[in-house]
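One structure is given below, encoded as structure tokens.
These numbers come from a predicted model, not from an experiment. Numbers restart at 1 for each chain; the letters A, B, ... are given by sequence-line order, proteins then strands.
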There are 2 protein chains.
Amino acid sequence: MKKATSFDIAYLAGVSQSTVSRALRNSPLVNQETREKVQKIAKELNYKVDKNASNLRSQHSDTLALLLFEDPTDDGSAINPFFLSMLGSITRACADRGYDLLVSFQQASNDWHADFEDSNKADGLILLGYGDYVDFAEKLTKLSAQGTHYVRWGVGEDQLKGSAIGCDNFAGGKEITQHVLKQGRKKLAFLGTASSHAPEFFDRYKGHCAALKEYGINADNKLQINALYTEEAGYDAAKKLLDSGVEFDAICAACDLIAVGAMRALKEHGLSIPENVAVAGFDDIAVANFTSPPLSTVKQDTKRAGELLVEALLDMIAGKAVESRLIEPQLIVRQSC
Amino acid sequence: MKKATSFDIAYLAGVSQSTVSRALRNSPLVNQETREKVQKIAKELNYKVDKNASNLRSQHSDTLALLLFEDPTDDGSAINPFFLSMLGSITRACADRGYDLLVSFQQASNDWHADFEDSNKADGLILLGYGDYVDFAEKLTKLSAQGTHYVRWGVGEDQLKGSAIGCDNFAGGKEITQHVLKQGRKKLAFLGTASSHAPEFFDRYKGHCAALKEYGINADNKLQINALYTEEAGYDAAKKLLDSGVEFDAICAACDLIAVGAMRALKEHGLSIPENVAVAGFDDIAVANFTSPPLSTVKQDTKRAGELLVEALLDMIAGKAVESRLIEPQLIVRQSC
DNA sequence: CTGAAAGCGCTTACAG
DNA sequence: CTGAAAGCGCTTACAG
């Protein structure tokens with residue numbers, strides 16, 4: 001059976017195809033009786049508007065694209081659980097608003113705008129990632145120049161083009177460090193890249209340093225070790241710290257995966273947590289609740305984040321001004337510190 | 001600046017719009033020199049084919065839809081990490097093959113076919129879920145009747161319409177139960193719904209019983225407690241088991257989340273794992289490596305699964321016959337049994 | 001409130 | 001190898 005079109009319905013209903021189109025979209029212009037008749041027939045025929053045709057004509061797609069960009073050095077098998085969680089909440093937020101969501105891991109192309117908005121596949125883009133933000137900045141500048149509608153998860157607009165929804169990383173970093181300091185720890189190490197290549201980590205580090213300062217402690221370079229987004233990186237960084245011989249009684253990790261890797265290194269080294277070394281994370285991924293001991297961390301509300309991202313993008317597409325916004329993080333105290 | 005169309009390029013290249021269209025799709029019909037000239041101009045203009053127009057004309061979308069159906073009783077906040085992992089691998093598999101992926105949690109509608117394939121948004125559907133399979137069976141029958149292209153993650157075709165890629169749940173359930181029995185355990189409980197409402201769990205249970213039989217043990221009804229897909233359900237089921245007073249020295253959980261919940265209940269009850277009770281899971285989610293003690297389980301290869309699902313669907317769309325296939329699960333021994 | 005007509009931007013027979 | 005033309009299935013001024 002061939003697919004029904006609006007002309008088939010028009011014929012059966014004894015009205016014009018224009019009227020069918022109007023009736024199906026609940027236009028107030030159409031007589032209620034006519035509308036009901038048309039909708040009844042459409043239902044009987046299992047009719048659905050052809051999205052390609054309607055999008056082509058109306059020049060919008062009611063579809064958003066989620067682009068997950070990652071560090072290309074990643075082996076590709078495991079996605080950071082934090083982003084997977086964001087993906088889940090964004091999918092839900094789109095569905096709630098009647099939008100479809102196109103998902104892509106855009107390693108391949110370096111022209112997101114062209115690939116999605118120019119080809120009319122999506123009305124706007126949501127960017128999510130943990131790649132190198134220095135490379136990334138160029139792309140954002142290009143996107144903005146082309147007038148693409150996009151929002152980004154991450155840091156505010158001082159550092160990168162465009163609007164962003166993000167966690168208040170400075171506040172989060174400060175809060176958990178204060179918590180560690182309150183336990184009487186004095187020599188705090190920070191595991192995570194502290195540079196504009198990873199601005200979210202950098203902000204957390206700045207919050208970390210601010211808390212130290214409150215306690216009259218100067219941040220020590222030797223206690224900060226670079227590490228990116230993975231358990232392996234956390235393991236390596238902790239090893240490096242241990243091998244360096246610098247004394248420390250606590251580790252603040254820039255993310256939970258780093259903390260998990262660091263805990264493994266500490267245990268291999270015969271150190272117990274938190275007796276010898278306190279450990280703190282950031283993100284509150286599912287695993288944080290199950291490490292031994294369970295990891296104290298900073299929770300980012302991914303559900304709320306997904307909603308804000310989708311709302312901001314929709315506002316932008318509608319031509320409204322969109323402000324970057326920060327979500328308040330929440331301290332989660334468990335047993336690791 | 002208005003978006004460039006193929007007519008703009010045709011004008012600049014001094015050829016017809018038809019030729020532009022051919023040149024852009026690398027048609028062998030077009031002179032190489034002409035093709036290069038056209039492609040150069042297209043690049044300069046930042047031109048991208050309008051997907052809505054080309055899809056409308058050619059009647060296919062190069063897009064696949066992933067439908068995640070869940071138990072509506074779920075609170076909606078947390079998606080089972082196993083499915084999130086599948087989602088990641090499916091996204092990658094689609095990208096590798098030049099397809100876009102539309103993601104949807106189809107709670108709202110009950111007419112997937114109409115929503116995606118009839119509206120020409122997608123060429124085919126991938127179904128992934130943990131809802132009630134009895135309700136689900138009707139939908140599948142309808143999908144098949146309408147000639148929709150779809151593949152499903154889960155159990156083979158005996159029980160449900162359509163082709164499926166799934167884990168060999170029987171073999172996995174049998175293997176891990178054998179492992180538990182080898183440790184000398186005699187009174188094994190099974191936590192997970194054993195009925196056609198949850199056929200994957202049912203198959204795991206059947207494997208479980210087969211292993212018991214090999215060891216001369218008859219499955220005892222009182223040692224099987226229903227539970228669905230969540231940590232909470234696992235906790236409740238273990239409580240129920242404990243309260244029933246039936247003796248047991250091991251728990252085989254139908255999935256890791258159930259195992260995690262059960263471990264919590266056992267500990268609250270003052271029982272130690274594995275000394276008093278051995279615990280086994282199924283799925284190998286990230287958390288399994290971090291429970292205390294780390295959970296022995298059965299790993300499902302989600303990367304391979306995603307690839308097979310996408311390949312099968314593409315074959316089906318291309319008109320090839322597609323067989324249901326099972327992936328071999330892999331026993332992962334940690335410390336919980 | 002309704003209809004006839006144009007047109008969104010492509011792909012693809014058809015003719016040369 | 002190339003071009004003129006039709007048409008995919010809608011939405012939306014325009015006219016009544």
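Remark: B:Arg25 engages no residue in a salt bridge (Lys or Arg N to Asp or Glu O under 4.0 Å) (not counting sequence neighbours). When the side chain to side chain contact (heavy atoms under 4.5 Å, CB included) test is applied to B:Arg35, the partners found at least two apart in sequence or on another chain are B:Ala23, B:Asn26, B:Val30, B:Gln32, B:Gln39. Not counting sequence neighbours, the partners of B:Lys320 by the salt bridge (Lys or Arg N to Asp or Glu O under 4.0 Å) test are B:Asp315. Residues satisfying the side chain to side chain donor-acceptor pair (under 3.5 Å) criterion with A:Asp50, sequence neighbours excluded, are B:Asn120. Residues that satisfy the salt bridge (Lys or Arg N to Asp or Glu O under 4.0 Å) test with A:Glu44, not counting sequence neighbours, are A:Lys40. Residues that satisfy the side chain to side chain contact (heavy atoms under 4.5 Å, CB included) test with A:Thr91, not counting sequence neighbours, are A:Leu87, A:Leu101, B:Val103, B:Phe105. Residues meeting the side chain to side chain donor-acceptor pair (under 3.5 Å) test with A:Ser61, sequence neighbours left out: A:Asp123. When the side chain to side chain donor-acceptor pair (under 3.5 Å) test is applied to A:Asp301, no partner is found at least two apart in sequence or on another chain. A:Lys121 meets the salt bridge (Lys or Arg N to Asp or Glu O under 4.0 Å) test with B:Asp100; sequence neighbours excluded.
Nucleic acid contact for A:Ser54: sugar-phosphate only, since backbone atoms but no base atoms lie under 4.0 Å from a heavy atom of the residue.
In this structure, of C:dT11, D:dT11, D:dC8, it is D:dC8 that holds the atom nearest to the side chain of B:Leu56. For A:Gln59, the side-chain atoms get nearest to C:dC8 when compared with the rest of D:dG3, D:dA5, C:dC8.
Look at NZ on B:Lys121: it is 14 Å from P on D:dC10, rounded to the nearest Å. Taking atom CG on A:Asp50 and atom P on D:dG7, their separation rounds to 17 Å, with Å as the unit. Atoms CG (B:Asn120) and P (D:dG9) sit 8 Å apart, rounded to a whole Å. Distance OH (B:Tyr11) to P (C:dG9): 18 Å, rounded to an integer number of Å. Rounded to whole Å, the distance from CG on A:Leu24 to C1' on D:dT12 is 15 Å. The CG-C1' distance, from A:Leu45 to D:dG9, rounds to 15 Å in whole Å. Note: CD (A:Gln17) to C1' (C:dG7) measures 13 Å, nearest angstrom. Here the P atom of nucleotide C:dT2 and the CZ atom of A:Arg25 are 14 Å apart, to the nearest Å.
A side-chain N or O of B:Thr19 and one of B:Ser16 form a donor-acceptor pair less than 3.5 Å apart. Side-chain atoms of B:Ser163 and B:Tyr150 form no donor-acceptor pair, as typed in the model, at a separation below 3.5 Å.
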Please tabulate, one pair per line, each protein N/O and nucleotide N/O from nucleotides 13-16 of chain D that are separated by under 3.5 Å, including the distance.
residue, atom, partner, partner atom, Å
D:dA13, N6, A:Arg22, NH2, 2.9

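A donor-acceptor pair is defined here as one N or O able to donate and one able to accept, closer than 3.5 Å; no such pair exists between the side chain of B:Arg92 and the backbone of B:Gly88.
Of the residues in residues 29-37 of chain B, those lying under 4.0 Å from DNA chain D by heavy-atom distance are B:Leu29, B:Val30, B:Asn31, B:Thr34.
Between B:Arg57 and D:dG9 there is no side-chain polar atom (N or O) within less than 4.0 angstrom of OP1 or OP2. Residue A:Ser16 places none of its side-chain N or O atoms closer than 4.0 Å to OP1 or OP2 of C:dA4. At least one side-chain nitrogen or oxygen of B:Ser6 sits closer than 4.0 Å to the OP1 or OP2 atom of C:dC10. Contact check, A:Tyr47 against D:dG9: no side-chain N or O comes under 4.0 Å of OP1 or OP2.
Mapping A:Asn55 and B:Thr19 onto DNA chain D by nearest heavy atom places B:Thr19 at the nucleotide closer to the 5' end.
Stem list for DNA chain D (at least 3 consecutive Watson-Crick or G-U pairs, distances under 3.5 Å): C:1-3 with D:14-16, C:5-12 with D:5-12, C:14-16 with D:1-3.
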